[in-house]
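Accompanying notes for the structure given below.
Proteins come first, then strands; the chains are lettered A, B, ... in the order of their sequence lines, and each starts at number 1.
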There are 2 protein chains.
Amino acid sequence: MKTSTTTECCPPAEPMPPVPTDPVEANEHLARLAKAIGHPARVAIVRMLVRHEGCIVGDIVDALPFAQSTVSQHLKQLKDAGLIRGEVDGPRVCYCVEPGAVALFKALVEAL
Amino acid sequence: MKTSTTTECCPPAEPMPPVPTDPVEANEHLARLAKAIGHPARVAIVRMLVRHEGCIVGDIVDALPFAQSTVSQHLKQLKDAGLIRGEVDGPRVCYCVEPGAVALFKALVEAL
DNA sequence: CCCTCATATCGCATATCGACGATTGACGTT
DNA sequence: AACGTCAATCGTCGATATGCGATATGAGGG
């Protein structure tokens, strides 16, 4: 198996970062998460990572119609927003969703 | 009563724009909505409009620490995304949430 | 060791955003 | 008709986003 690497590399991950109590901070947090999601490619990435329970790497690049460097930037933005996590797995890098962050995002949106 | 105008002006509004079936289109739609939400001021605006069942106008400007023109631009972005609607009510303009769009957004996020 | 593969990062060009002040337009009031 | 008010738009500016190719970096394999 080489073509599609679906290695296991994601730790259990925390349950859910505390929902911000301060309304202003909640707004900013939601805005930050929404902004990170605010691009079709990043939506696709998140969806892909959520579906593939495990993690994927350069498969993401193959699945998207963008150059490798572009995809890497999108991954960085998602990582900066705390939505995903990347861990080095030998020669390749393994990305996985941060379930808590996604849950928080859903909660914040639901609370709109 | 002049200071805080909370006039009634929002029509019942449709129940919910159809959830896009095409996954690509769903991604783009979600991205568009998320992008529109991806700013603290716009989050605040949406939240404000959702809470005040009716509609508000220049009160939004007073509630935010930005110039009137800036708030107007944010309102325009939200309107372009289909999240809110603005109707002229005499000398002032009345904004209200598009409940269907918000529901769709929530549904799309939930389906992540 | 060198070489390759997989990612990240840099540098660049273009486009859009975010904020503002100033102007315009629409509407009531006087 | 002239005025004042409210809101949208214009023009501008710096900052950021988005895309790419080219280049660094790092881990493994020959």
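For D:dG26, neither phosphate oxygen OP1 nor OP2 lies less than 4.0 angstrom from any side-chain nitrogen or oxygen of A:Arg92. For D:dT16, neither phosphate oxygen OP1 nor OP2 lies less than 4.0 angstrom from any side-chain nitrogen or oxygen of A:Lys35. Regarding contacts with the backbone of C:dA6, every side-chain N or O of A:Tyr95 stays at 4.0 angstrom or more from both OP1 and OP2.
For B:Thr70 against C:dG18, no side-chain N or O and base N or O form a donor-acceptor pair under 3.5 Å. Donor-acceptor pairing under 3.5 Å, judged by distance alone, is present between the side chain of B:Gln68 and the base of D:dA8.
B:Leu104 approaches B:Pro20 most closely through the heavy-atom pair CD1-CD, 4.1 Å. In terms of heavy-atom proximity, B:Ala101 sits nearest to B:Gly82 at CB-O, 3.2 Å. The nearest pair of heavy atoms linking A:Val50 to B:Leu112 is CG1-O, 3.3 Å. Taking each heavy atom of A:Val43 and B:Asn27 in turn, the nearest pair found is CG1-OD1, 3.4 Å.
Residue-level contact check: A:Gln77 touches the backbone only, with heavy atoms under 4.0 Å from sugar-phosphate atoms and none from bases. Counting non-hydrogen atoms under 4.0 angstrom, B:Lys79 reaches nothing in the nucleic acid.
B:Lys76 places its NZ atom 19 Å from the P atom of C:dC20, with the value rounded to the nearest Å. Rounded to an integer number of Å, the gap from B:Gln73 CD to C:dC20 P is 11 Å.
The side chain of B:His74 sits closest to C:dA19 out of D:dT16, C:dA19, C:dA8. Residue A:Ser69 has its side chain nearest to D:dG21 when only D:dT9, D:dT18, D:dG21 are considered. Checked against D:dC20, D:dT9, C:dC20, the side chain of B:Phe66 finds its nearest nucleotide in C:dC20. When the nucleotides C:dC20, D:dA8, C:dA19 are ranked by their closest atom to the side chain of B:Ala67, C:dC20 comes out on top. Distance from the side chain of A:Val93 is smallest to C:dA8 among D:dT9, C:dG18, C:dA8.
Ring orientation note: the planes of B:His74 and B:His39 are tilted relative to one another, at an angle of 30° to 60°.
Along DNA chain D, the nucleotide nearest A:His39 and the nucleotide nearest A:Val88 are compared for position; the residue whose nucleotide lies closer to the 5' end is A:His39.
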